Amino acid sequence: MSERSSLVRGMRDLYEDELANIRLVETVFSETLESYGYALIRLPIMERTALFSRGIGEATDAVSKEMFTFDDETESLSLRPEGTASCVRAVIDANMYRGHQPKLWYIGSMFRHERPQLGRYREFYQVGAEAFGFSGPDVDTELIRIVQDVWESLELAEEITLEINTLGNTPSRKQHRDALVEYLAQYKAQLDEDSQRRLEQNPLRILDSKNEQTQKIIEQAPSISDYLDAESRRHFDEFQERLVRLGIRATVNPNLVRGLDYYTHSVFEWNTDKLGAQKQVGGGGRYDGLCELLGGAPCPAAGFAIGVDRVALLRNELGLASQASSPDVYVVALSDDEEDYALQVAAKVRAASSLSVRVHQGAGKVKARMRAADRSGATIALIIGAQEAASNQVSLKWLRINREQVTVPVAELPSTLLNSN
RNA sequence: GUGGAUGUAGCUCAGUGGUAGAGCCCCGGAUUGUGGUUCCGGAUGUCGAGGGUUCAAAUCCCUUCAUCCACCCCA
């Protein structure tokens with residue numbers, strides 16, 4: 001016997017109810033984004049490693065220890081750990097932003113080499129949107145409004161909270177960073193190990209440390225709000241005012257910094273407390289410097305990314321699971337002799353309606369065939385025995401409601417089915 | 001990457017050294033052309049994998065893989 005093959009760690013086969021929920025989330029995002037005029041862009045799963053180390057940041061965990069990276073002949077390639085860097089690269093490559101302000105959305109698998117747990121997988125699905133060429137906070141709030149629309153469509157608005165913050169523009173950010181490093185350096189010995197390391201590489205990230213002692217030190221740390229210049233302050237104020245006008249509730253969290261390096265000005269995260277340790281279902285913000293950083297012309301931009309798996313999982317946890325689709329109609333030939341006739345009937349129903357029709361296959365006694373019809377979840381069984389076949393008729397039985405079975409000529413079948421709801 | 005728990009039938013699980021079990025599911029019959037309820041009967045296992053100890057291992061030991069939880073990180 002050959003060795004049984006099995007799933008690679010952190011990968012999943014998706015089917016039935018779990019997939020149904022994921023597809024629902026994807027569909028709602030797709031329809032909502034298209035309704036706001038965002039255009040789908042399909043991006044490759046693999047990029048040069050350098051794109052991510054430059055675009056996302058060498059010091060981030062996502063890049064430094066979570067990427068699937070391998071050497072291909074002369075260059076290092078990686079499976080994408082997120083979508084923004086690829087999207088920006090594509091916009092630069094095709095010069096899409098020359099005289100235009102593209103609004104794009106994407107969906108697909110992302111890969112991170114982490115220890116799997118509930119709501120966290122090595123291949124996971126993200127849907128994201130990016131708007132290029134707009135520097136005002138009206139775009140930031142539009143992105144949030146889009147996601148809010150999705151939460152409402154998915155009946156999740158009550159379960160997901162929004163946190164916001166600003167990181168300021170580059171000069172403000174630098175001033176704050178310097179002050180922060182100076183402050184934290186005094187307490188270096190008391191910081192947790194990770195934070196000590198970050199002091200050099202990525203001091204902002206220390207702000208969202210969960211370590212208790214570190215948090216105490218952070219309470220007194222210089223806040224970004226004291227270092228915002230006039231432009232940065234105006235952007236953030238208007239951002240917040242617009243959220244209020246759009247009827248969106250948000251909490252300002254001064255320690256919200258996001259894990260990825262490219263953000264400026266507005267940053268935001270959507271959280272839930274219903275998924276165990278996995279709190280975050282999505283996040284986003286403004287990244288005015290990224291296009292230039294990746295070798296393009298300067299171009300303001302903002303975007304978000306949502307974890308499709310986590311949103312679907314949240315619906316599951318709340319009992320909002322959508323069900324895998326069942327056929328509408330199940331055609332049962334009572335013996336193999338009527339099989340050809342049953343296939344013709346099924347073809348007629350498909351041609352005359354949009355109903356999904358499944359035909360019984362395989363041998364079996366009548367009882368077993370009817371049981372299969374019931375189990376398929378179909379609402380109607382079309383029963384075909386010798387009598388029906390001989391007289392060009394079909395017996396129609398409702399499986400989910402109490403209604404008397406009828407036998408009708410095949411020609412009348414489509415209208416009978418359409419009137420049967 | 002670190003720590004802890006778990007892995008036995010399709011599913012949920014019992015079984016702690018001596019013949020692998022239950023419930024649900026599935027199949028057949030009661031009901032020769034009618035499912036879903038009821039009654040009767042039946043089938044089903046690399047006990048996660050590999051190695052070791054033992055007369056004997058699902059059970060004890062080692063290794064490994066996977067899942068779950070927490071940390072970390074993020075979606």
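Sequence lines set the chain letters: A, B, ... in the order given, protein chains first and strands last, and positions in each chain run from 1. Here the structure is a predicted model, which is why all the values come from computation and not from measurement.
In this structure, A:Lys103 satisfies the cation-pi test against A:Phe134, with its NZ or CZ atom closer than 6.0 Å to the six-membered ring centre and inside 45 degrees of the ring normal. A cation-pi arrangement is absent between A:Arg122 and A:Phe111 under the rule of less than 6.0 angstrom and at most 45 degrees off the ring axis.
A:Lys367 contributes no side-chain N or O that forms a donor-acceptor pair with the base of B:G28 under 3.5 Å. A donor N or O paired with an acceptor N or O is not found under 3.5 Å between the base of B:G36 and the side-chain atoms of A:Asp374. Side-chain atoms of A:Arg310 come within donor-acceptor range of the base of B:C74, with a qualifying N/O pair under 3.5 Å.
Look at the P atom in both B:A20 and B:U44: the space between them is 14 Å, to the nearest Å.
Under 4.0 angstrom from either OP1 or OP2 of B:G33 there lies no side-chain N or O belonging to A:Arg369. Phosphate proximity of B:A66 to A:Arg12: absent, as no side-chain N or O sits under 4.0 Å from OP1 or OP2. Note on A:Arg9: a side-chain N or O is less than 4.0 Å away from OP1 or OP2 of B:U67. Between A:Lys365 and B:U31 there is no side-chain polar atom (N or O) within less than 4.0 angstrom of OP1 or OP2. Dashed line: the shortest gap from a side-chain N or O of A:Arg258 to OP1 or OP2 of B:C73 is not under 4.0 Å.
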Nucleotides 1-4 of chain B: which of its N/O atoms have a protein N/O under 3.5 Å away?
from	atom 1	to	atom 2	distance (Å)
B:U2	O4	A:Arg115	NH1	3.0
B:G3	O6	A:Arg115	NH2	3.4

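Among the protein residues, A:Tyr121 comes within range of the nucleic acid bases, having at least one heavy atom under 4.0 Å from a base atom.
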